[in-house]
Amino acid sequence: MAHLNDNFLKLKAGYLFPEIARRVNAFCEADAAGKARLIRCGIGDVTEALPKSITAALHKAVDEMAERGSFRGYGPEQGYAFLRDAIAKNDFTDRGVEVYADEIFVSDGSKCDCGNILDILGHDNRIGVSDPVYPVYVDTNVMAGHTGDADSNGAYAGITYLVCNEANGFTPSPPTDGTKLDVVYLCSPNNPTGAVATRAQLTAWVEYAQKNDTLILFDAAYEAFIADPAIPRSIFEIPGARKCAIEFRSFSKSAGFTGVRCAFTVVPKELTAKAKDGSRQPLHPLWNRRMCTKFNGVSYIVQRAAEAVYSPEGKAECKTLIEHYMGNAKILREGAAKAGLKVFGGVNAPYVWVKAPAGYTSWQIFDKFLNEANVVITPGSGFGSAGEGYFRVSAFNSRANAEEVARRIQALKF
Ligand code: PLP
């Protein structure tokens, strides 16, 4: 008899988005005449079409695949040199950050990379995550058997939750109570809170990591949305990070690739972790081995599209795309603030994090928005118990929808 992975049975059954869908469906059924024009600001998917230079690169690559002489089959598992070189130069070297092309592993998404990285880490690590948190970090550790059961708040035994709140600007500080984390997930700009970690905050984390032999898993999926030049866009801007951090990046939000699928992970050659025999071993060969064994590379066509992100036209078009979403974020921020709500994020990130008015839980404010403004938001409690009393508004929308949402928020009576 085949035995299943019992760890999956510990997972809180994908509560957040199915529950949102259930409530939205119930609303739509009740509105059989279709009078309400529902606007969805819940899921963080992009709405705007791919930039022209990127679709042109896709077409060109498709045409190459149609000719015997230029057709490509399996590519290098780590990614084609043309893309790894373009990433190293544009995202790192040109910005004075030390990352080499052979430290970049191209993949089909950061979500997969965030989960797959656990393949090369041991099972006894003390894991730290922020609360609220991008659920993938937690659920992948549950699946890998790194946790006990969840309590009534959805917090899993064995995981250290670093509470993010107004007092710490929604960016966790390293533990000061002597807790030694072996692995910590940091996400800046943050999903869901839209907070960004300052250079001083990231330096404190790198210093903590050096002192405690901690591995930082740095998720920079939203780095392209950072407008403030003082905010680091990569953990590798911080001295010492090459010895204690892995970085995840994605083209999903920066270039509209959520449906195209391309991302990459940076594993510096100096980065090591401890083996059972006490020796220190580099992680780069392990990740390389993992990718070569379990992955056959991103399609040539998609990698050519990602390369086009770094062309002069691609850069200009992606900048316009980001300005569009950040324009929405500003409109949403201002709309919520004018309605008397306390607003966070949305300045260097495409998510606006809003405090629910006194007396409302996250789900109560969700229902109010749905029923009275016909706007779908995401309840903060779905990202962790510290998210209770907040909600997330995504700036991924058309301009007209963002403006309409801002108007509807102001018409609400709390
Ligand atoms: N990391 C964070 C923080 C995200 O919010 C997301 C997507 O929403 C991802 C990673 C996943 O990105 P990808 O589309 O590359 O899988």
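Each ligand, and each atom within it, is numbered from 1 in the order the structure gives. For reference, positions follow the sequence shown, starting with 1.
Under the 4.0 Å criterion applied to side-chain N and carboxylate O atoms, D149 and K10 are not assigned as salt-bridge partners. A salt bridge links E323 and K319; the closest N-O separation between the charged side-chain nitrogens and carboxylate oxygens is under 4.0 Å. With salt bridges taken as basic N to acidic carboxylate O contacts below 4.0 Å, one links R23 and E19. With respect to D91 and R233, no salt bridge is recorded, no charged nitrogen being found less than 4.0 Å from a carboxylate O.
Checked against the 6.0 Å centroid criterion, the rings of Y390 and F170 qualify as a close aromatic pair. Two rings, from Y134 and Y185, have their centers 6.0 Å or more apart.
The atoms of ligand 1 that sit less than 4.0 Å from any heavy atom of G109 are 15 (O), 16 (O). Atom numbering of ligand 1 starts at 1 in the shown order; those under 4.0 Å from a heavy atom of C187 are 3 (C).
In terms of protein heavy-atom proximity, atom 14 (O) of ligand 1 is nearest to S252 OG, 2.5 Å. For atom 8 (O) of ligand 1, the closest non-hydrogen atom on the protein side is K253 NZ, 2.9 Å. The nearest protein atom to atom 1 (N) of ligand 1, hydrogens excluded, is given as D219 OD2, 2.7 Å; this is a heavy-atom distance. Y134 OH, 3.4 Å is the protein heavy atom nearest to atom 11 (C) of ligand 1. Shortest contact from atom 12 (O) of ligand 1 to any protein heavy atom: S110 CB, 3.7 Å.
Geometrically, R290 does not engage F105 in a cation-pi contact, judged by NZ or CZ lying under 6.0 Å from the ring centre and within 45° of the ring axis.
Heavy atoms of F248 come nearer than 4.0 angstrom to ligand 1 in no pair at all. Heavy atoms of G44 stay at 4.0 angstrom or farther from ligand 1.
Considering backbone and side-chain atoms alike, Y137 places every N or O at 3.5 Å or more from each N or O of ligand 1.
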